[in-house]
Chemist: 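Pasting a structure below so you can have a look.
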Protein chains: 2
Amino acid sequence: MPYDKDEQSYLSQLGARIRKLRKAKQLSQEALAFEADLDRTYVSSVERGERNIAVLNLAKLARALGVEVSTLLQEE
Amino acid sequence: MPYDKDEQSYLSQLGARIRKLRKAKQLSQEALAFEADLDRTYVSSVERGERNIAVLNLAKLARALGVEVSTLLQEE
DNA sequence: CTGTGACTTTCAGTCCGTT
DNA sequence: CAACGGACTGAAAGTCACA
């Protein structure tokens, strides 16, 4: 198996899953940020895969999105 | 205030799950740290729930443990 | 082999904006 | 509404000596 997974693409995929769930909930980045008690610009950069998000913030986002944290990290 | 989930215990539980998986694999903290390319003392503090670990390190640990990242975050 | 405190460096995360 | 930039603060990353 491939030894090293590309970290940038890992974060990008995570961001894409978050974005998808957010849109499914019909929330704006601002609204999601408000629900998760995070900064609007931070949520934006997370969705774009630019941030190595910490697990507690991941939990906040999951709660705001109404899903389990493990769901956010489910790879296909 | 509403739904103020205890963050410390969240991290402790995460650490406990990691420890459990590590022991199931019969690895020492040192060995796991080596596999995950992390410091031994860092792994130690994660298992004790003292660190709000970021997703890329979570991914490293999951890979070293031979499980999915989502498995690490599965709550009971 | 593991826990711990102390420590420095890096970057997560906020806040002000503009496009 | 979203992307993005600059500047900043606090927290995560990462390491060490020693119990």
Side-chain angles (χ1 to χ4, degrees), chain A residues 3-67 69-70 72-73, chain B residues 1 3-67 69-70 72-73 75:
Chain A
Y3 167 62
D4 201 28
K5 184 147 197 171
D6 183 18
E7 303 190 331
Q8 291 303 336
S9 77
Y10 183 86
L11 294 180
S12 295
Q13 286 167 30
L14 171 57
R17 285 193 295 273
I18 290 171
R19 175 165 296 180
K20 193 173 172 184
L21 286 165
R22 174 176 64 79
K23 298 215 165 184
K25 281 263 174 180
Q26 305 198 60
L27 292 171
S28 66
Q29 288 181 350
E30 260 175 334
L32 174 58
F34 177 78
E35 293 295 333
D37 196 28
L38 291 171
D39 193 81
R40 159 181 75 80
T41 64
Y42 182 67
V43 171
S44 173
S45 59
V46 166
E47 287 192 355
R48 279 177 282 122
E50 294 184 348
R51 302 268 177 168
N52 181 15
I53 187 171
V55 69
L56 288 181
N57 280 341
L58 215 44
K60 283 186 183 180
L61 283 175
R63 187 170 55 200
L65 288 167
V67 299
V69 184
S70 56
L72 287 185
L73 293 164
Chain B
M1 295 313 271
Y3 59 92
D4 189 36
K5 186 156 193 173
D6 185 11
E7 304 190 331
Q8 291 302 337
S9 78
Y10 183 87
L11 294 179
S12 295
Q13 287 167 30
L14 171 57
R17 286 193 294 273
I18 291 171
R19 175 165 295 179
K20 193 173 171 183
L21 286 164
R22 174 175 64 78
K23 298 215 163 182
K25 282 262 174 181
Q26 305 199 62
L27 292 171
S28 66
Q29 288 182 349
E30 263 176 333
L32 174 58
F34 178 79
E35 294 294 333
D37 195 30
L38 292 170
D39 194 81
R40 169 185 77 76
T41 65
Y42 181 70
V43 172
S44 173
S45 60
V46 167
E47 286 192 355
R48 281 176 284 122
E50 292 188 346
R51 299 225 182 203
N52 180 16
I53 187 173
V55 69
L56 287 180
N57 280 344
L58 216 43
K60 282 187 183 178
L61 285 175
R63 186 172 56 203
L65 287 168
V67 300
V69 184
S70 57
L72 289 184
L73 292 165
E75 309 190 55

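When reading the values below, keep in mind they use all heavy atoms of this one structure, side chains included, and skip hydrogens, waters and symmetry mates. Chain A is the first sequence line, chain B the second, and so forth, proteins listed ahead of strands; every chain is numbered from 1. Owing to the predicted nature of the structure, the values given are computational and were not obtained by experimental measurement.
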Chemist: Figure out the CD/C1' separation between B:Gln29 and C:dG3, and round it to whole Å.
Modeler: 8 Å
Chemist: Rounded off to whole Å, could you give me the CD1-to-P distance for the B:Ile18 and C:dT2 pair?
Modeler: 14 Å
Chemist: So A:Glu30, base contact, sugar-phosphate only, or nothing? Heavy-atom distance under 4.0 Å.
Modeler: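 The residue A:Glu30 makes sugar-phosphate contact but no base contact.
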Chemist: Specify the separation, in whole Å, of atom CZ of B:Phe34 and atom P of D:dT15.
Modeler: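 Taking CZ of B:Phe34 and P of D:dT15, I get 14 Å after rounding.
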Chemist: Using every non-hydrogen atom in the two residues, find where B:Ala31 and B:Ser28 come nearest and quote the distance to one decimal.
Modeler: N-OG, 3.0 Å
Chemist: Given that B:Arg48 and A:Asp37 both sit by DNA chain C, which one's nearest nucleotide is further toward the 5' end?
Modeler: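 Whichever sits nearer the 5' end wins; that is B:Arg48.
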Chemist: Hey, can you pull the donor-acceptor pairs under 3.5 Å for the side chains in residues 50-60 of chain A, sequence neighbours left out?
Modeler:
{"residue": "A:Glu50", "atom": "OE1", "partner": "A:Arg48", "partner atom": "NH1", "Å": "3.3"}
{"residue": "A:Glu50", "atom": "OE2", "partner": "A:Arg48", "partner atom": "NH1", "Å": "3.3"}
{"residue": "A:Arg51", "atom": "NE", "partner": "A:Ser45", "partner atom": "OG", "Å": "3.3"}
{"residue": "A:Asn52", "atom": "OD1", "partner": "B:Val55", "partner atom": "N", "Å": "3.4"}
{"residue": "A:Asn52", "atom": "OD1", "partner": "B:Leu56", "partner atom": "N", "Å": "3.0"}

Chemist: Using every non-hydrogen atom in the two residues, find where B:Glu47 and B:Leu32 come nearest and quote the distance to one decimal.
Modeler: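 Smallest interatomic distance, heavy atoms only, reads OE2-CD2, 4.5 Å.
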Chemist: Atom CD in A:Glu30, atom CG in A:Asp39: separation rounded to 0.5 Å?
Modeler: 10.0 Å
Chemist: Please report, rounded to the nearest Å, how far the P atom of D:dA12 is from the OH atom of A:Tyr42.
Modeler: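 Those two atoms, OH and P, are 11 Å apart.
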Chemist: Could you state the atom-to-atom distance from CZ of A:Arg40 to P of C:dT14 in whole Å?
Modeler: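 In whole Å, C:dT14 P and A:Arg40 CZ are 12 Å from each other.
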Chemist: Does the A:Arg22 side chain pair with the main chain of A:Leu27, one donor and one acceptor, at a distance under 3.5 Å?
Modeler: yes
Chemist: Give me the atom names and distance for the closest heavy-atom approach of B:Ala64 to B:Glu35.
Modeler: CB-CB, 3.7 Å
Chemist: Is the distance from OP1 or OP2 of D:dA2 to the nearest side-chain N or O of A:Arg22 less than 4.0 Å?
Modeler: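 Yes, because at least one side-chain N or O of A:Arg22 sits under 4.0 Å from OP1 or OP2 of D:dA2.
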Chemist: Can you check whether B:Tyr10 reaches B:Leu73 side chain to side chain, under 4.5 Å on heavy atoms?
Modeler: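 Answer yes - side chains close enough.
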Chemist: Extract from the structure each pairing of a protein N or O with an N or O of nucleotides 5-10 of chain C at less than 3.5 Å, listing the distance.
Modeler:
none

Chemist: Can you give me the closest heavy-atom contact between B:Ser44 and B:Gln29, atom names plus distance?
Modeler: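 The pair with the smallest heavy-atom distance is CB-OE1, 3.4 Å.
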Chemist: Whole angstroms only, please: what is the CG-P distance between A:Leu38 and D:dA11?
Modeler: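 So the two atoms are 14 Å apart, to the nearest Å.
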Chemist: Between P on D:dC1 and CD on A:Glu47, what's the gap in Å once rounded to a whole number?
Modeler: 14 Å
Chemist: Take atom CG of A:Asp39 and atom P of D:dG5, then tell me their distance rounded to the nearest Å.
Modeler: 16 Å
Chemist: Please check this pair: side chain of B:Arg17 against backbone of B:Leu72, looking for a donor-acceptor N/O pair closer than 3.5 Å.
Modeler: yes
Chemist: Can you tell me if A:Ser44 touches the phosphate of D:dA3, counting only side-chain N or O atoms and a distance under 4.0 Å to OP1 or OP2?
Modeler: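 Yes, A:Ser44 has a side-chain N/O under 4.0 Å of OP1/OP2 on D:dA3.
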Chemist: For DNA chain D, find the residues of residues 53-61 of chain A with a heavy-atom distance under 4.0 Å and give them by number; none if there aren't any.
Modeler: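 Contacting residues: none.
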Chemist: Would you classify B:Asn52 as touching base, sugar-phosphate or nothing, given that sugar-phosphate means primed atoms plus P, OP1 and OP2, and contacts are heavy atoms under 4.0 Å?
Modeler: sugar-phosphate
